[in-house]
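All values derive from a computational prediction rather than experimental measurement.
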Amino acid sequence: MTKLSYLHEPGVLHNLAMRYELNEIYTYTGNILIAINPFQRLPHLYDTHMMEQYKGAGFGELSPHVFAVADVAYRAMINEGKSNSILVSGESGAGKTETTKMLMRYLAYLGGRSGVEGRTVEQQVLESNPVLEAFGNAKTVRNNNSRNNGFSNQLFEFVISLNSFMCLSEFSCFLVLYSRFGKFVELQFDKNGRISGAAVRTYLLERSRVCQISNPERNYHCFYLLCAAPPEVREKFKLGDPKSFHYLNQSSCYALDGVDDAQEYLATIRAMDVVGISEEEQEAIFSVVAAILHLGNIDFSKGAEVDSSVIKDEKSRFHLNTTAELLQCDVKSLENALIKRVMVTPEEIITRALDPVAAVGSRDALAKTIYSRLFDWLVDKINISIGQDPNSKQLIGVLDIYGFESFKLNSFEQFCINFTNEKLQQHFNQHVFKMEQEEYTKEEINWSYIEFVDNQDVLDLIEKKPGGIIALLDEAWYKKLYAVSVISYSTLLLLVDFIFTASRSMFPRSTHETFAQKLFQTFKNNKRFIKPKLSRTSFTISHYAGEVTYLADLFLDKNKDYVVAEHQDLLTASKCSFVASLFPPPAEESSKSSKFSSIGSRFKLQLQSLMETLNSTEPHYIRCVKPNNVLKPAIFENANIIQQLRCGGVLEAIRISCAGYPTRRTFYEFIHRFGVLAPEILEGNHDDKVACQMILDKMGLKGYQIGKTKVFLRAGQMAELDARRAEVLGNAARTIQRLIRTYIARKEFMALRKSAIMLQSHWRGLLACKLYEQLRREAAALKIQKNFRRHIARESYLTVRLAAITLQTGLRAMTARNEFRFKKQTKAAIIVQAALRCHLAYSYYKSLQKAALTTQCGWRGRVARRELRKLKMAARETGALKEAKDKLEKRVEELTWRLQLEKRLRTDLEEEKAQELAKLQDALHAMQVQVEEANARVIKEQEAARKAIEEAPPVIKETPVIVQDTEKVNSLAAEVESLKASLLSERKAAEEARNACTDAEARSAELQKKLEDSERKVDQLQESMQRLEEKLANSESEIQVLRQQALAISPTGKSLTTRQRTMIIPRTPENGNVTNGETKVSPDTTLAISNVREPESEEKPQKSLNEKQQENQDILIKCISENLGFSGSKPIAACVIYKCLLQWRSFEVERTTIFDRIIQTIASSIEIQDNNDVLAYWLSNSSTLLLLLQRTLKANGAGSLTPQRRRATSASLFGRMSQGLRASPQSGGLSFLNGRGLSRLDDLRQVEAKYPALLFKQQLTAFVEKIYGTIRDNLKKEISPLLGLCIQAPRTSRASLVKGRSQANAAAQQALIAHWQSIVKSLNRYLDIMKANHVPPFLVRKVFTQIFSFINVQLFNSLLLRRECCSFSNGEYVKAGLAELEQWCYGATEEYAGPAWEELKHIRQAVGFLVIHQKPKKTLNEITKELCPVLSIQQLYRISTMYWDDKYGTHSVSSDVIANMRVMMTEDSNNAVSSSFLLDDDSRLVCSVF
């Protein structure tokens, strides 16, 4: 257009319109390329053939094209070694994205290859471009910035193209998106012109779009893609329809025409795989995106406190929990971070709640921060896959920037965008206008000055310090913060947040109104700043493209550029490593300004850095133009296009380009480059300026100008000079090539020979290295094998060991079960054997009895027959005697017959009487039934008569009815009288039969009495015989003892000594008993015997037997005086005493002192009665020794005792004990002794006990009873004071005990039962002591049974004697205490507690009666038979009369029950029944135990 004849606006529009109709969308204005968006695909403009044409072509030789601009920049970089930049600008929808994509595509074509492994660049673009499109693009009002034309499309095409071209890993690129703002991509090239790296500089992400969108715009695409994901993904992240999320339903636009979000989601996943994002990172990314959606659905409502807030409802609570779950942080911490702020000062920590509005702001700030960090991470991840080339010194930068924006409502984002465009416009002015003219003026060439619009005053208005808008905006929110010098960094951050979230009244100058007023006051005289008339918070700036009105309401909030400390701490502590990596702990900085940088300040610094980069490069400009606002092809709107051309400064550039010199070189550069065209001029001594003039004249160029230091050329003249230079250089190169090739060939040969030698040496070194590496790897392999085999062996060993342990466990369990089954079968067999033996003994007894009777009958018959023979012999002599005999025989037969007849008659009579009695009873019953039926008929007839009388006239019917009823009554009365008479007769007959039966019973009783007298006589005879046998046995034992004493006293020689030693050999299971006078020497003797035994050959004098026995006794007494403890469960002292006495035969001698010394030792040990451990120790030993003596010792002649004698013996103290042990295996008898390692009772050897042994047994019994009583009394003394406290609950806490059902009263209840728990502790302590000393379980059971009986008596008597204890609440208190005792009995088990719980039956039933409800409804029978069957009438009467309900106010039993109780008490007193209602304590000693 610089060649147009008429260079004005209509001419320019006409030219553009004509070219647009021909699809010629590119036009030059000097070096500036104008690109009009065709809104349709033009594939012929961008194919490979087109790129081949523009490759190396001069600028302007071919039709205007974006490839031409890219080629010029690339050639300038290669030829001149200087970096270049291409600035693509234009408003939204003008085609900047597609233009940038084509630039990168052409540069990739020039600097790389087009495919790798059969995959083209286009294919890689389709696979990889969805990633940043999803997270960086969104549909706007002016442009659907979707996948079809998004920046990520171009960026990913470029990235994949670069990866395609650089097959090796030498290429990397740093790509960062600044979605709604500019992107400056630096393409790095190596010295060969190949692309070696890339870098992208980004600016501000539009974070506000995450929380706020306008209709019909859309939020970022990733939210909609995730909502359209497969069902399992949505279910995993708890997502649904986009309409259900607050951040998406602010606009009615949820879908895009022609875009399937589900397919795009899959494409995004594939693109992430291509980029190198792992599946774990992908899951974490979508978790964060889903968390942001759920976070937006958290609503708040006012809390209980002023200016506080809480989670609104369960739906919001669900989204809160889901957000915490997805971010893997604590739910409570997340809630506190949203609704609270913490300020740490040197004095205290202040926690302030946020109101609902501030809480919503905190929620949105957290969402925007998370999304911004996520976006930065995505771009960083892509950069990691590309990288930069640190050695590159040449680059081509492509700037894709938004154009000027002016909406109906403009906020902080439009302010930053327009500020950027002002900066770029200034750069454009400086390079195209200002610097151009300054250069011409400086060089003093012929040039007419053209004025242009300079926007430096607008830039000063925005960024000048300290009075610019950005400076005032920063000052508005952190000016006062610097005055606080003693608070910490986190506190200062919190104060910053307070300014934006708390009430604005705290800092009145930090509101949007005060900010606007400050602007109005500061720039009231600035011509670029305008104050609107109808708004207090709006201001207008006159930009180079026109006036724009900004709304300052959200400037302060959107200018914040820090993360709230609570949000930072929350996400830093996340369990998800990905989330935690997005929020690393902030580094401490010394500068306050670095701590509180705002968005405006940071953006200004980034923009300055961009401008410095652009100033260091050679710029090329592309202006993109949008032909219409409906985004459709073939529509050319003149007004819209001319406004864009004005805003872009295109018209000014056309005028300057027509009059200017686009190419300029210094004299030195010009001579250095084009001196080869005139070498003779260089040989001459000419000035540089003159030399340049001569070269240009020689070349025949016209229209150029020469300044003071530079040569200015018209457009196209530089290309002509380059073409001639290339021809000269080509000819010179061919000449040089001819001469140099020989030199090069020889040089190559020498180098090849040298290289061969070096290659051999290096190859041999490589072989040596490989050999060393192989040996090293073999050594490493051996080490790895060793460790691996060791690991395998250990794993195998552990497996086998675990299997062995498991097998052992199973086998031991099976053995235990078999043993338990054997014991169970053995026990059952013993029971069966006992029953069978009992049956056999009983059968044997019956058979003996029958045999005895048979024998008696036979003997008597024999005697009678003998007498009969004698009588017959006498009868032969006298006939009279024979006749008398016959008479007597007849008389006997007659009496026998009569007796049998009487028996038969009596039997028949009894049967007849029984039958008659049954008949009479049946008849009586039938008569009673008839009488009842008659009475019923009479009643019915009377009722019928009464009804008839009432219905009929009384005069006519009265007399017949009365007469008829009287006759019936008389007949019935007669029948009743007859029945009574028959009943009396039957009763008389029954009485007679009863009397006869009584007579028969009396006779039977008389016969039974005679039989008992006979048995008594037999018993007396047997007892006398037994006494004789005992005397005989005693005499024999005395004789034997006297013989032994005589032998011991006799002073004989060696033979007697030998006999003494053999006589005192102990009888053990190994050596057996000494019988028939045989001598048997045992190899294992006791301590006493071993001290006496010496070789027979020794001639030293021997000690006497008494002295040796005395020494042995001393050793025994000294041994048992110490606490020997237990071996397993065996009391060692008892076993030692028993074995020694048994081996010394102390039970069989008449006189010995060992028993008295043992008794004295035990007595001295239990003198201290407060030491329960010592008492329990000697109780265990004494009782064990007593059981052994009971089983071992027997009196003289005990083997021939009769059953009656044996029964009398078992009635004694230890007879009952042994009998109880045999009868009850659970009582601790056989099992108790067997558990102590002794032989079974059946295996114990019976010893004939003498008087000292029997006396020792009685003394030992007394000591057992004494120790038992002492332990029991000590326990009673310990719990007696507590029982007085346990019978009545404290009055101050009674209400809390009764009503203490809530958790608050649990402590009070625990305190109230402390006395009961003290009793339980005492019981546990005594139980532990007796268990530790292995006291027999039956003794432990008896101790606790008597203790519980004592508790029962004390509590029950106190309850009857104290009226305040007979209350409902006190009953509940005592019942709770009894529950503690019941729990103790359950924990102590039946083995040790026994029937102790049953001893509390009186107090249990009394307390149960106190706490039952509806006592007035209970009858006396229910109370005495069901509720309190153990309590007497006196006790029930006392409790009933003393009862009072302090909780519910109910009454005691009814007055009728009280009256019945009094009657029964009177009858009991008449029957001489004891009227005492108190219980007596059963303090009997251990005699009852055995």
Side-chain angles (χ1 to χ4, degrees), residues 1-4 7-8 28-32 59-60 72 76 80 82-85 87 422-460 464 527-528 544 611-621 623 645-674 686-697 699 701-721:
M1 286 191 293
T2 56
K3 299 179 181 180
L4 292 177
L7 190 59
H8 45 69
Y28 289 139
T29 58
N31 291 334
I32 302 174
F59 188 78
V72 168
E80 302 175 9
K82 185 177 180 181
S83 299
N84 285 254
S85 61
L87 281 67
E422 289 284 356
K423 273 285 186 182
L424 293 176
Q425 184 64 28
Q426 185 188 42
H427 179 268
F428 182 80
N429 292 340
Q430 288 176 350
H431 282 78
V432 179
F433 304 145
K434 188 175 181 180
M435 294 182 66
E436 187 85 5
Q437 296 181 7
E438 288 179 355
E439 183 74 13
Y440 296 162
T441 304
K442 178 180 178 182
E443 292 295 326
E444 297 179 356
I445 63 175
N446 296 328
W447 169 256
S448 60
Y449 186 81
I450 302 175
E451 295 184 357
F452 60 92
V453 179
D454 191 0
N455 61 344
Q456 183 62 45
D457 53 350
V458 178
L459 294 176
D460 294 340
K464 185 178 180 181
K527 63 180 180 178
R528 293 283 189 172
Y544 74 94
M611 299 311 298
E612 292 175 357
T613 303
L614 294 179
N615 292 331
S616 65
T617 62
E618 186 70 23
H620 305 270
Y621 297 96
R623 298 299 189 188
L645 294 177
R646 289 173 181 171
C647 294
V650 176
L651 298 180
E652 289 292 327
I654 292 173
R655 289 197 298 270
I656 293 178
S657 297
C658 292
Y661 298 89
T663 304
R664 66 209 65 181
R665 292 289 184 273
T666 62
F667 295 151
Y668 172 78
E669 291 176 351
F670 186 83
I671 294 173
H672 179 72
R673 184 171 182 80
F674 300 108
H686 300 288
D687 185 56
D688 290 344
K689 183 175 182 180
V690 176
C692 292
Q693 181 71 39
M694 294 173 66
I695 292 173
L696 291 173
D697 292 341
M699 293 294 105
L701 297 181
K702 304 295 182 182
Y704 64 89
Q705 290 197 32
I706 298 178
K708 296 174 64 178
T709 60
K710 293 181 181 180
V711 176
F712 293 87
L713 302 176
R714 294 286 186 179
Q717 292 180 346
M718 179 62 74
E720 183 178 353
L721 292 175

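Judged as a side-chain contact (heavy atoms from CB on, under 4.5 Å), and not counting sequence neighbours, the contacts of Lys708 are Glu443, Glu444.
Phe428 and Tyr621 have perpendicular rings, their planes meeting at more than 60° on a 0 to 90° scale where under 30° would count as parallel.
Counting only heavy atoms from C-beta outward, the side chains of Ile706 and Phe667 approach each other to under 4.5 Å. The side-chain heavy atoms of His427 and Leu87, taken from C-beta on, include a pair separated by under 4.5 Å. Counting only heavy atoms from C-beta outward, the side chains of Val72 and Asn84 never approach each other to under 4.5 Å. Side chains of Leu721 and Ile695 form no contact here, defined as non-hydrogen atoms less than 4.5 Å apart.
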Residue pair Leu459, Lys464: steps toward the side-chain contact (heavy atoms from CB on, under 4.5 Å) verdict: CA-CA 7 Å; Leu459 294 176; Lys464 185 178 180 181; over 6 Å; no
Candidate pair Leu701 and Leu696, rule side-chain contact (heavy atoms from CB on, under 4.5 Å), full reasoning: CA-CA 6 Å; Leu701 297 181; Leu696 291 173; 3.7 Å; yes
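Atoms CG and CZ, from Asn455 and Arg528 in turn, are 7.0 Å apart once rounded to the nearest 0.5 Å. The distance from atom CG of Asp688 to atom OG1 of Thr666, rounded to the nearest 0.5 Å, is 9.0 Å. If you take CG on Asn615 and OG on Ser85, they are separated by 9.0 Å, rounding to the nearest 0.5 Å. How far CE of Met694 is from NE2 of His686: 4.0 Å, rounded to the nearest 0.5 Å. With values rounded to the nearest 0.5 angstrom, Lys689 atom NZ is found 12.5 Å from Ile671 atom CD1.
Of all non-hydrogen atoms in Ser616 and Lys82, the two that sit nearest each other are O-CE, 4.4 Å.
By the neighbour-count criterion of 12 heavy atoms within 6.0 Å, atom NE2 of His672 is sparsely surrounded, having that number or fewer from other residues, nucleotides or ligands.
Seen from the ring of Phe674, Arg665 does not count as a face-on cation partner, given the 6.0 Å and 45° thresholds.
The backbone N or O of Tyr544 sits less than 3.5 Å from a side-chain atom of Glu422, completing a donor-acceptor pair.
Ion pairing of Arg673 with Glu80 is absent here, as no side-chain N (NZ or NE/NH1/NH2) approaches a carboxylate O to less than 4.0 Å.
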